[in-house]
Amino acid sequence: MKVVKEEDEKLVFEVTGESHTICNILRKRLMQQDDIKSAAYDITHPLVGQPEFEVNSPNPRESIALASDTVKNEVAEFKDAVIKAFEE
């Protein structure tokens, strides 16, 4: 991850090595937070472009950390469900 621009209530960062998959779920979890004014990303080139995120909130770093934790917990729950399903 590389910070491109940071202001009081705005953070623009590049997500190196990722695609729409992780970016879209992160954007959705960010938008579920009440204090988020906007959260969006863009991949300028479909083959070599890196996703660039923009998050606008009172504390963008905190908002990103919270959304990331939410995604991490959801992935862990999904993994446990898959493991349990294959054990049956």
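Every value quoted in this text rests on a predicted model; they were computed, and no experiment measured them.
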Approximate separation, where rounding is to 0.5 Å, of E77 CD and K72 NZ: 13.0 Å
More than 12 heavy atoms from other groups under 6.0 Å of CG on N73: yes
Min side-chain heavy-atom separation Q33-L66 under 4.5 Å: yes
Spatial distance of atom CD (E7) from atom CG (N56) [nearest 0.5 Å]: 8.5 Å
L26 vs S68 side-chain heavy atoms within contact, under 4.5 Å: yes
Minimum heavy-atom distance C23-F53, with the two atoms named: O-CZ, 3.3 Å
Spacing of K37 atom NZ and S63 atom OG [to the nearest 0.5 Å]: 10.5 Å
Taking every non-hydrogen atom, the tightest pair across A39 and L30: CB-CB, 3.8 Å
Spatial distance of atom CE (M1) from atom CD1 (I64) [nearest 0.5 Å]: 5.5 Å
K84 and D80: CA distance, side-chain angles, deciding distance, side chain to side chain contact (heavy atoms under 4.5 Å, CB included) verdict: CA-CA 6 Å; K84 183 178 179 182; D80 292 344; over 6 Å; no
Evaluation steps, side chain to side chain contact (heavy atoms under 4.5 Å, CB included), between T44 and D42: CA-CA 6 Å; T44 56; D42 184 37; 3.6 Å; yes
ILVMFWY cluster, I25 and I36 together (side-chain gap under 4.5 Å): no
Cluster check Y41, V4: I/L/V/M/F/W/Y, side chain < 4.5 angstrom: no
Whether N24 side chain and H20 backbone form a donor-acceptor pair below 3.5 Å: no
Between D35 and S57: side-chain donor-acceptor atoms closer than 3.5 Å: no
4.5 Å side-chain heavy-atom contact, V3 and E6: yes
Nearest-0.5 Å distance that lies between atom NZ in K28 and atom OG1 in T70: 14.5 Å
Heavy-atom donor-acceptor pair, Q50 side chain to G17 backbone, under 3.5 Å: yes
Note: K5-E54 ion pair, threshold 4.0 Å (strictly below): no
Backbone N/O of N59 and side chain of E9: donor-acceptor pair under 3.5 Å: no
Separation between NZ of K2 and OG1 of T16, rounded to the nearest 0.5 Å: 7.5 Å
V82 side chain reached by K79 side chain, heavy atoms, under 4.5 Å: no
Path from V15 to V55 over hydrophobic side-chain contacts below 4.5 Å: yes
Minimum-distance pair of heavy atoms, taken over all atoms of R27 and A40: CD-CA, 4.2 Å
